[in-house]
There are 2 protein chains.
Amino acid sequence: MRIGELAERAGTSTRALRYYEQRGLLSARRTSSGYRDYDEDDARQVREIRALLGIGFDLEETRPFVECLRAGHDAGDECPASLAVYRRKLAELDACIDRMQAIRAHLAGQLEQTERAHAGGSAERAPGPATPAVTAAATLPEPPEPRCALTSGPPAAPAASTKESR
Amino acid sequence: MRIGELAERAGTSTRALRYYEQRGLLSARRTSSGYRDYDEDDARQVREIRALLGIGFDLEETRPFVECLRAGHDAGDECPASLAVYRRKLAELDACIDRMQAIRAHLAGQLEQTERAHAGGSAERAPGPATPAVTAAATLPEPPEPRCALTSGPPAAPAASTKESR
DNA sequence: TCTGGCCTTGACGTCCGCGTCAAGGTCTAC
DNA sequence: GTAGACCTTGACGCGGACGTCAAGGCCAGA
């Protein structure tokens with residue numbers, strides 16, 4: 001199949017597929033006229049990439065999974081390198097979740113405290129140093145992890161139709 | 001005080017402070033020679049910005065807090081606009097946490113399943129469609145939220161000394 | 001034959017919070 | 001007076017995963 005069809009089937013764009021190829025994650029045969037030509041194995045690899053990107057993997061982190069598939073395995077996560085990435089991501093996720101929960105608790109506390117001060121004018125706010133109240137949460141865990149980033153949800157098809165050349 | 005001192009005291013860089021000014025978050029008086037001149041109120045505003053950035057706020061989202069301080073309030077979150085941002089961030093955080101926990105559970109399941117298959121060669125993997133196993137988690141919550149992003153931990157001072165012009 | 005739809009490569013744009021460099025002005029201490 | 005630490009504006013760079021545009025080649029149907 002050609003690049004447009006693969007993109008549509010994988011719910012992504014031709015630009016993304018060319019980008020994956022450029023990064024060495026995808027390799028395409030060529031027709032006599034220079035068109036890229038893909039088969040079902042390629043489609044499978046693209047689905048793997050998209051699925052992993054969708055749960056917050058960097059593109060580079062999908063490489064072991066793709067190579068595992070290329071090596072003939074039925075699943076991209078059957079290889080030790082893939083499992084290592086799994087474990088690393090798990091640790092990252094745990095750190096991110098911990099940190100986000102700490103932030104969440106802090107924000108909820110600030111919100112409650114300030115709302116209470118606005119409602120009943122009794123004990124306004126526990127007097128403290130004139131520093132941002134939010135700084136009190138500087139005692140939050142896991143600073144130097146790579147980062148917590150999920151661009152959005154699962155990668156949805158960018159547009160409806162296949163019109164690339166408008 | 002001048003920009004270098006403020007940067008050092010706020011644990012950030014002169015470049016960041018100029019950037020905040022450019023975005024309209026900071027306003028500096030000027031000395032007769034054109035140098036920026038800051039006071040304690042400015043320092044307070046910068047601390048507010050840094051604290052909020054450190055817990056995942058976009059720069060633009062810190063604006064209500066800064067304006068609240070400029071309006072003379074003791075705390076940046078005493079104003080309704082700030083509280084609205086709190087509430088929005090809280091909802092975002094909840095969505096992010098939910099999603100990350102779902103992903104975490106999915107990854108843990110994949111890891112356990114694959115490790116078990118490698119260890120005891122009994123029931124390899126529940127047979128299913130030849131699709132990325134990870135895709136089974138496409139039933140994850142909260143797709144179209146802005147995003148979950150914490151670049152790292154609290155913003156630490158970028159470097160040790162004040163040497164900007166090397 | 002010609003139109004239009006797909007494909008090719010190359011290159012620049014996007015977003016965000018700055019880092020970094022360049023070329024020059026200012027101020028203080030010696 | 002002069003070194004050197006500080007300041008000014010302007011402009012380009014970065015990272016990640018592409019979007020988008022430009023200029024042109026290939027191919028099928030009417």
Side-chain angles (χ1 to χ4, degrees), chain A residues 1-8 10-26 28-38 46 49-50 52-63 146-152 154-159 161-166, chain B residues 1-8 10-26 28-38 46 49-50 52-63 146-152 154-159 161-166:
Chain A
M1 85 193 78
R2 291 185 301 182
I3 196 172
E5 186 184 345
L6 177 56
E8 195 176 4
T12 183
S13 67
T14 62
R15 181 66 178 88
L17 297 181
R18 293 196 194 97
Y19 180 64
Y20 301 156
E21 180 176 336
Q22 187 192 334
R23 312 310 325 266
L25 286 165
L26 218 53
R29 277 111 282 156
R30 297 297 182 122
T31 68
S32 56
S33 59
Y35 286 15
R36 287 174 179 82
D37 187 27
Y38 300 98
V46 173
I49 293 172
R50 299 300 294 176
L52 292 169
L53 286 181
I55 59 175
F57 282 48
D58 292 344
L59 191 54
E60 196 52 41
E61 292 174 325
T62 72
R63 192 179 297 275
R147 70 180 170 193
C148 310
L150 301 181
T151 44
S152 72
S161 60
T162 321
K163 53 177 173 185
E164 180 198 1
S165 58
R166 42 182 297 244
Chain B
M1 85 193 78
R2 291 186 300 184
I3 196 171
E5 186 184 345
L6 177 56
E8 194 176 6
T12 182
S13 67
T14 63
R15 181 65 179 88
L17 297 181
R18 293 197 194 97
Y19 180 64
Y20 302 156
E21 179 178 337
Q22 186 192 334
R23 312 306 330 262
L25 286 165
L26 219 54
R29 277 112 282 156
R30 297 296 183 124
T31 69
S32 57
S33 61
Y35 285 15
R36 288 174 179 83
D37 187 27
Y38 300 97
V46 173
I49 293 172
R50 298 301 294 177
L52 291 169
L53 285 182
I55 59 174
F57 282 48
D58 291 345
L59 191 53
E60 196 52 41
E61 291 174 325
T62 72
R63 191 179 298 277
R147 69 180 171 191
C148 309
L150 301 182
T151 44
S152 71
S161 60
T162 321
K163 53 176 173 185
E164 179 200 1
S165 58
R166 43 182 296 242

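Order of the sequence lines sets the chain letters (A, B, ...), proteins ahead of strands, with each chain counted from 1.
- There is no side-chain donor-acceptor pair under 3.5 Å between B/Tyr20 and B/Arg15.
- Taking atom CD of residue A/Glu21 and atom P of nucleotide C/dC7, one finds them 13 Å apart after rounding to whole Å.
- Distance B/Arg29 CZ to D/dT8 P: 13 Å, rounded to the nearest Å.
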So which protein N/O to nucleotides 24-27 of chain D N/O distances come out below 3.5 Å?
{"unit_1": "D/dG25", "atom_1": "N2", "unit_2": "A/Tyr35", "atom_2": "OH", "d": "2.6"}
{"unit_1": "D/dC26", "atom_1": "O2", "unit_2": "A/Tyr35", "atom_2": "OH", "d": "3.3"}

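- Across the protein-nucleic acid pair, B/Tyr38 atom OH and D/dC7 atom C1' stand 11 Å apart, rounded to whole Å.
- Looking at B/Glu61, its side chain does come within 3.5 Å of a backbone N or O of B/Asp58 through a donor-acceptor pair.
- With rounding to the nearest 0.5 angstrom, the CZ atom of A/Arg2 is 12.5 Å from the OG1 atom of A/Thr14.
- If you take CD of B/Gln22 and C1' of D/dT8, they are 14 Å apart, rounded to a whole angstrom.
- Between C/dC18 and B/Tyr19, no contact under 4.0 Å exists linking OP1 or OP2 to a side-chain N or O.
- OP1 or OP2 of D/dT9 sits under 4.0 Å from a side-chain N or O of B/Arg30.
- Within the 4.0 Å cut-off from OP1 or OP2 of C/dT8, at least one side-chain nitrogen or oxygen of A/Arg18 is found.
- Taking atom CE on A/Met1 and atom P on C/dC6, their separation rounds to 16 Å, with Å as the unit.
- Here A/Glu60 pairs with A/Arg63 under the side-chain hydrogen bond (donor to acceptor under 3.5 Å, both in side chains) rule; sequence neighbours left out.
- Using a 4.0 Å cut-off, some side-chain N or O of B/Arg50 falls inside it from OP1 or OP2 of C/dC18.
- For A/Asp37, the salt bridge (Lys or Arg N to Asp or Glu O under 4.0 Å) test picks out no residue, with sequence neighbours left out.
- Comparing B/Tyr20 and B/Thr31 by the nucleotide of DNA chain C whose heavy atom lies nearest to each, the residue mapping closer to the 5' end is B/Tyr20.
- Remark: A/Arg36 is in phosphate contact with C/dT9, judged by side-chain N or O atoms under 4.0 Å from OP1 or OP2.
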Subject >> B/Tyr35/B/Ile3 under side chain to side chain contact (heavy atoms under 4.5 Å, CB included): CA gap, chis, key distance, verdict >> reply: CA-CA 8 Å; B/Tyr35 285 15; B/Ile3 196 171; over 6 Å; no
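- In this structure, A/Ile55 atom CD1 and D/dA17 atom C1' are separated by 17 Å, rounded to whole Å.
- Per the geometry, CZ belonging to B/Arg23 stands 10 Å off C1' belonging to C/dG17, to the nearest Å.
- Under the ring pair (Phe, Tyr, Trp, His ring centres under 6.0 Å) criterion, B/Tyr38 pairs with no residue, sequence neighbours left out.
- One can place CZ of B/Arg15 at 12 Å from P of C/dG17, the figure rounded to the nearest angstrom.
- Between B/Leu150 and A/Arg147, the closest side-chain pair of non-hydrogen atoms is not below 4.5 Å.
- Phosphate contact (OP1/OP2 of D/dG19, side-chain N/O of A/Ser13, threshold under 4.0 Å): present.
- Both B/Asp37 and A/Phe57 lie close to DNA chain D; mapped to their nearest nucleotides by heavy-atom distance, the more 5′-ward contact belongs to B/Asp37.
- Rounding to the nearest 0.5 Å places CG of A/Leu25 at 11.5 Å from CG of A/Leu17.
- Overall bending of the helix from C/dT1-D/dA30 to C/dC30-D/dG1, expressed as the angle between end axes built from five pairs apiece, is 30° (10° steps).
- With sequence neighbours excluded, the residues forming a side-chain hydrogen bond (donor to acceptor under 3.5 Å, both in side chains) with B/Ser33 are B/Thr31, listed by chain and number.
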